[in-house]
Each structure stands twice: as C-alpha cells, then as structure tokens.
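The block underneath contains the structure these notes are about, expressed in structure tokens.
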Amino acid sequence: MHIKALKGFKDILPQEAALWQHIEGRARDIFQRFGYREIKVPILEKTGLFARSIGETTDIVEKEMYSFADRNGESLTMRPEGTASVLRSFIEHNLHSERPLQKLYTMGPMFRHERPQKGRLRQFHQMSVEALGVDRPELDAEIMAMAWMLLVDLGLKVSLEINSLGCQECRPLFNKALLKFLADSKGELCPDCERRQEKNPLRVLDCKNAKCQAHYVNAPVILDYLCSDCAAHFQVVEDCLRDLNIDYKVNSFMVRGLDYYTRTTFELITHDLGAQSAVGAGGRYDGLIAQLGGPALPGIGFALGMERLVLLLTADGGEAPGDIIDIFLAALGPAAGRRAFAMLHALRLQGLRAVMDYTSRSLKSQMKQAARCGSRFTLIMGDDELSSGRAMLRDMASHEQREIELSADLRAWSKAVAEIIS
RNA sequence: GUGGGCGUAGCUCAGUAGGUUAGAGCGUCGGGUUGUGGCCCCGGAGGCCGUGGGUUCGAAACCCACCGCUCACCCCA
C-alpha cells in the first residue's frame, strides 16, 4: 500500500478511460476523413534524435528529458514529443517514395520531467499528426481545419490563433531587429525577459508581465519582416481558413516552444484550463526532415494534449458511460451456477457482453450487481427454473420479465437469446 | 529549479481556549423482503488523524523537520 505512482504519473481509471476511448475514436474517424493513417512508433529513441530536432537549447532538451544510459552506454530518451519519432520512421523507411504526401497520425504517451500542475504531467498523452512532403498553404489550412473539426465534434469551444515565423531567409532579419529593440530596452524588462533575450529572444514576446507587454507594443512584428514567399504563403493560409468559415485570430506574438518551426504556426486556445491554455498546437517545419538526415521535404504537424481534452470534457458535466453489459446471469444454488457458467460462454460466443457472479450470493445482491454494472437484461435461474426448463429474463430498464426456454443446445439457445435482447 | 495552499475512513469533508472510546454524508457488505436492482429503513466492516521528533500530566489539534498532494512561476500539449 506504500507504493504509489510516481510524481506526475497518473492512473487512468476505467470511468475516465471510457472518455479517452471516446475521444480517440472520434479522432480516428475524423483523421481518416482527411486521409490520415495511423503510424505506431517506439517510445524510446536515441537521445540525439530529440536533441537535433527539438533544439539543443530548449528547456525540453536541456533539463526535461528522461534520458538514461542503456546497458551498452548509449544514451536513450523517453520521447518528449511525437514528431521527431515519426520523422525518424518516415526517413528510415523511405516513406516519401511510397507517395508524395504522407499523412500520418500517432497517439501515445510522452515524457517530460517538469513540475506537475493542472493540465501538465510528467507522463502525458498526445495525438500527434503530421503531413509530410508538400509545402502548399492549403495543407496548412486543411490541417488546422481538421483539428478544429475534431474539437467542435467533441463539443469544445476553443479559439484558433495563427502566426508565421518566416523561413531561413527572413527570420534572421526579424531576429536582428528584435535583438536591436531589446538592446535598446535595457532596464525596461523583467528579469525573465532579460534572461530570455539571450537564450530565445522570440520568447520575450509572450511574456505575461504586464509592464513587458506594454513595452512590446512597439516591438518589431514578425509579419512585417516576412519575405515575399512567406507573406504570400501566409496570405493563402488566411484565405483558405476564411473559405472554410473557420474563426481565427492572427497573433504575431505567438511563439512555439520547439526550434524547428517555420512559417505557419498555430495554437488552439481555451481559458478553462488554468495556466495551461493550449489544448493543441503545431506548425510547419520545412527544414526538419533534411536536418534529421532525410530528403529535403517540407512538413507540417500538430499535437493535441489528451489530458487537457479530458479536463475540458469533464469540466462541464462529463457524460456517464452507457450500458457496458448486455446480460447478467443470476444463478441460485450450485446446480444453476454450473449451468449458467456454460450458458455464459455460449452467450459470449454470440458476441454478447455477459457476466455472472461466482460467489453464491443472494438474488438480491446479484440484482444489485447487475444494476450496477449497467446490465440491460438479467437472466434469473434457480432450482425451479432448472426443473421446469424455463428461466426468467428481466429487462432492467422496463422491469418487464418474461419466461424463456432453456435448452441443452447452448449454441441454438444463445443465438435465440441474442435475437431476443438485441 | 522557485513560491503559495493543503494532508483525518475507499471518496468528499466535520472535529482546535489541547482532555478520556475520532465523527458525518456518499460508497461498500449484510439484513428488512427464506427468489428480484434503483427509493426507504436498520445494521456491520473500514482510521499508525501523512511520517518523525519536540512541548505537555495529556496532541488529530501547538512547534520543528521531512514526505506527499495541489496551484502558480518557469516551460509547454
């Protein structure tokens, strides 16, 4: 009893797991509508993969990775995000030669050694989606539309914020301008921003300090520095979003945490998650595949945080899961119990969800169990029924009971029962 | 890594001028109905009062330390 789960690691108990299955099911359905296929990749990779993709100087790589030496001394890491692994697989198996555009999604746990808080865990789960091989802006809009469709389908209200970070050509120009602005602002910035301007200057822009924010209204805006190609790309993204009637807001201060993003970035924002406002986020990463040793192909992707989705869906009255059992066999006495045991198996072979109680409890307590497990029907059989060859089938919702014939031919009998209660 | 809040039954929580056997609701098990669930009534089980130390005749309560949970900063899905 003293052994507890690790800090930041959480059990997902059956009731909540039902909600997870619902979310995953809706996601699979919608992702498939857009032509995405599932890919399953390992949770463990060589440390270098993440260091190279996410960025050597990001917090994730510098101090949040679960890394350890394998038995041969090689450094391995529990993946802190999904994209790197999917790209590694894409490159390793030459998936670009299978088709010009690979639309892939994966779901599973990620690991970051952070201090847990609301909506933030050390093991958390993401649905990670990637579209690899095409750099057209229509694809950017489509992938945002897909994320949007899923969230709407789940009944969530979130807002979409977009930005462009430019490319290798134009981002350096903006960086230079921003650094100059920050240098001129000496003494005006909070300690956090002083630190950030050295490590990741872009990040100062979404500082929460009100004084900093007031100061940054005069900061250079990245959208003003985009090269013509990037500006045109962003323009089409906006046009496409409008074509699809998707509400969005341009937020030129939006910064993504991973170094590999280029051009379009976006976040799906909510205000019902405490400090963690992003349920999902993503963007384009046109240089990353080449950077990881693959062909020079563009890509775009996003991730949704499962725990954050679950939080949002349980906040406003989570749905109780529906019936989970079709029929409960309530047997009285050892003879009926043995008979029911075989009947139970036959019912399951028919595809029914069927359970019984093995502890010889009273009918009353068995009825209680039947009700509690959400059983739609209960079959009651004791000595009377065994000798008469008929048992009582009770509809738990309507309270109606009817007699049904028992039979030694369990196959035929169970088939008949399946028809009656379906 | 930094700061705030909180640790009493499976769950949600009462219980402090320090006082004897630590409570409620919900849940669970059983009974009321010798073979019928949800409502009602009755009863049972279930607590190192987070851990260790200190103060005291006496600590769930007061003091200290530690551990855990939680929220926030940072960062991010």
Side-chain angles (χ1 to χ4, degrees), chain A residues 1-2 4-8 10 13 15 54 57-64 79-83 107-129 147 158 190-193 195-196 199-200 203 206-209 254-258 266-270 273-283 301-312 328 330-333 336 357 359 361-386 391-401:
Chain A
M1 291 304 262
H2 279 299
K4 296 168 60 176
L6 295 171
K7 181 199 287 286
K10 209 177 75 120
L13 301 179
Q15 193 177 346
I54 297 169
T57 63
T58 56
D59 276 15
I60 293 176
V61 171
E62 275 189 346
K63 51 193 183 193
E64 294 177 358
R79 64 178 183 198
E81 60 113 32
T83 299
M107 301 177 174
M110 311 292 164
F111 304 85
R112 293 181 199 170
H113 192 105
E114 302 181 273
R115 270 302 265 283
Q117 67 187 70
K118 191 178 179 69
R120 196 176 80 182
L121 294 166
R122 289 182 172 178
Q123 177 180 330
F124 59 103
H125 299 75
Q126 288 185 338
M127 298 191 284
S128 185
V129 180
V158 299
C190 72
D192 279 336
C193 281
R195 180 174 52 78
R196 280 188 277 241
K199 208 174 132 186
N200 188 349
R203 187 150 292 293
D206 66 357
C207 178
K208 283 168 189 158
N209 184 307
M254 189 179 80
V255 174
R256 305 275 44 259
L258 304 110
F266 61 98
E267 283 187 3
L268 294 147
I269 306 283
T270 172
L273 279 179
Q276 264 53 243
S277 56
V279 249
F302 71 92
L304 291 170
M306 282 296 295
E307 281 81 1
R308 293 181 184 180
L309 289 175
V310 168
L311 275 175
L312 288 172
F328 186 100
L332 298 163
D357 170 74
T359 57
R361 293 204 275 185
S362 69
L363 178 59
K364 177 174 175 170
S365 77
Q366 292 192 56
M367 293 297 292
K368 269 190 182 175
Q369 282 186 75
R372 189 170 47 225
C373 70
S375 183
R376 293 162 52 224
F377 290 88
T378 300
L379 186 72
I380 300 163
M381 47 187 295
D383 294 341
D384 295 351
E385 284 80 1
L386 283 188
M392 299 300 301
L393 181 68
R394 179 178 178 85
D395 182 321
M396 297 299 277
S398 70
H399 301 203
E400 285 167 14
Q401 289 189 186

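These numbers were taken from a predicted model, which means no experiment stands behind them. Letters go in sequence order (proteins before strands), and every chain restarts at 1. All heavy atoms count here, side chains included; hydrogens, waters and symmetry mates do not.
Between atom CZ of residue A/Phe377 and atom CD of residue A/Glu400 there is a gap of 9.5 Å, rounded to the nearest 0.5 Å. To the nearest 0.5 Å, atoms CD (A/Glu385) and CE (A/Met392) are separated by 7.5 Å. To the nearest 0.5 Å, atom CG of residue A/Leu273 and atom CD of residue A/Gln117 are 11.0 Å apart. A/Met127 CE to A/Phe302 CZ: the interatomic distance, rounded to the nearest 0.5 Å, is 7.5 Å. To the nearest 0.5 Å, the span separating CG on A/Leu304 from CG on A/Leu268 amounts to 7.0 Å.
Taking atom C1' in both B/rU16 and B/rC63, the straight-line distance is 15 Å, to the nearest Å. For B/rU33 and B/rC62, the P atoms lie 49 Å apart once the distance is rounded to whole Å. As rounded to the nearest Å, B/rU55 and B/rC64 have C1' atoms that lie 11 Å from one another. B/rG27 sits 7 Å from B/rC39 when the P atoms are compared, rounded to a whole Å. Look at the P atom in both B/rC73 and B/rA45: the space between them is 48 Å, to the nearest Å. A gap of 35 Å separates the P atoms of B/rG4 and B/rG47, to the nearest Å. A distance of about 31 Å separates the P atoms of B/rG5 and B/rA77, rounded to the whole Å. A distance of about 10 Å separates the C1' atoms of B/rG15 and B/rC49, rounded to the whole Å.
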message = Please determine whether side chain to side chain contact (heavy atoms under 4.5 Å, CB included) holds for the pair A/Leu6 and A/Gln123, giving the CA-CA distance in whole Å, both sets of side-chain angles, and the decisive distance to 0.1 Å.
response = CA-CA 10 Å; A/Leu6 295 171; A/Gln123 177 180 330; over 6 Å; no
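In this structure, A/Asp384 atom CG and B/rU36 atom P are separated by 12 Å, rounded to whole Å. Between the CZ atom of A/Phe266 and the P atom of B/rA77 there is a distance of 11 Å, rounded to whole Å. Atom CD of A/Glu267 is separated from atom C1' of B/rA77 by 10 Å (rounded to the nearest Å). Protein atom CE of A/Met381 is 17 Å distant from nucleotide atom P of B/rU36, rounded to whole Å. Atoms CG (A/Asp357) and P (B/rG37) sit 15 Å apart, rounded to a whole Å. Distance, A/Phe302 CZ to B/rA77 C1': 11 Å, rounded to whole Å. The separation between A/Met367 atom CE and B/rG30 atom C1' is 18 Å, rounded to whole Å. We find that CZ of A/Arg361 is positioned 11 Å from P of B/rU28, with the value rounded to whole Å.
Backbone-only contact: A/Leu258 has heavy atoms under 4.0 Å from sugar-phosphate atoms and none from a base. Looking at heavy-atom distances under 4.0 Å, A/Asp192 makes contact with sugar-phosphate atoms alone, never a base. A/Arg256 comes within contact range of the sugar-phosphate backbone alone, with a heavy-atom separation under 4.0 Å but no base atom that close. Residue contacts for A/Gln401: at a heavy-atom cut-off of 4.0 Å it reaches a base atom on one of the strands shown.
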Interface polar pairs with nucleotides 68-72 of chain B, N/O, under 3.5 angstrom:
from   : atom 1 : to       : atom 2 : distance (Å)
B/rG68 : O2'    : A/Lys4   : NZ     : 3.0
B/rC69 : OP2    : A/Lys7   : NZ     : 3.1
B/rC71 : OP2    : A/Lys118 : N      : 3.1
B/rA72 : OP1    : A/Ala275 : N      : 2.9
B/rA72 : OP2    : A/Gln117 : NE2    : 3.3
B/rA72 : OP2    : A/Lys118 : N      : 3.4

Between protein and nucleotides 31-34 of chain B, what N or O pairs are separated by less than 3.5 Å?
from   : atom 1 : to       : atom 2 : distance (Å)
B/rG32 : N7     : A/Lys364 : NZ     : 3.1
B/rG32 : O6     : A/Lys364 : NZ     : 3.3

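Under the rule for a salt bridge (charged side-chain N to carboxylate O under 4.0 Å, His left out), A/Arg122 has no partner lying at least two apart in sequence or in another chain. Here A/Lys364 pairs with nothing under the salt bridge (charged side-chain N to carboxylate O under 4.0 Å, His left out) rule; sequence neighbours left out. With sequence neighbours left out, A/Ala281 forms a side-chain contact (heavy atoms from CB on, under 4.5 Å) with A/Arg256, A/Glu267.
Nearest heavy atom pair, residue A/Leu379 against residue A/Ala391, reads CD1-CB, 3.9 Å. Considering every non-hydrogen atom in both A/Cys207 and A/Arg196, the closest pair reads SG-NH2, 3.3 Å.
Comparing A/Glu385 and A/Arg203, the nucleotide of RNA chain B nearest to each residue sits closer to the 5' end for A/Glu385. Heavy-atom nearest nucleotides on RNA chain B were determined for A/Arg122 and for A/Arg372, and the one closer to the 5' end corresponds to A/Arg372.
Annotated stems with RNA chain B as a participant read B:1-7 with B:67-73, B:10-13 with B:23-26, B:28-32 with B:40-44, B:50-54 with B:62-66, given as range with range, by first number; only runs of 3 or more Watson-Crick or G-U pairs under 3.5 Å qualify.
For the pairing with A/His125, the side chain to side chain contact (heavy atoms under 4.5 Å, CB included) check across A/Glu307, A/Arg308, A/Met107 returns one residue only, A/Glu307.
Annotation: side chain of A/Arg203 is not in contact with side chain of A/Cys193 (no heavy-atom distance under 4.5 Å).
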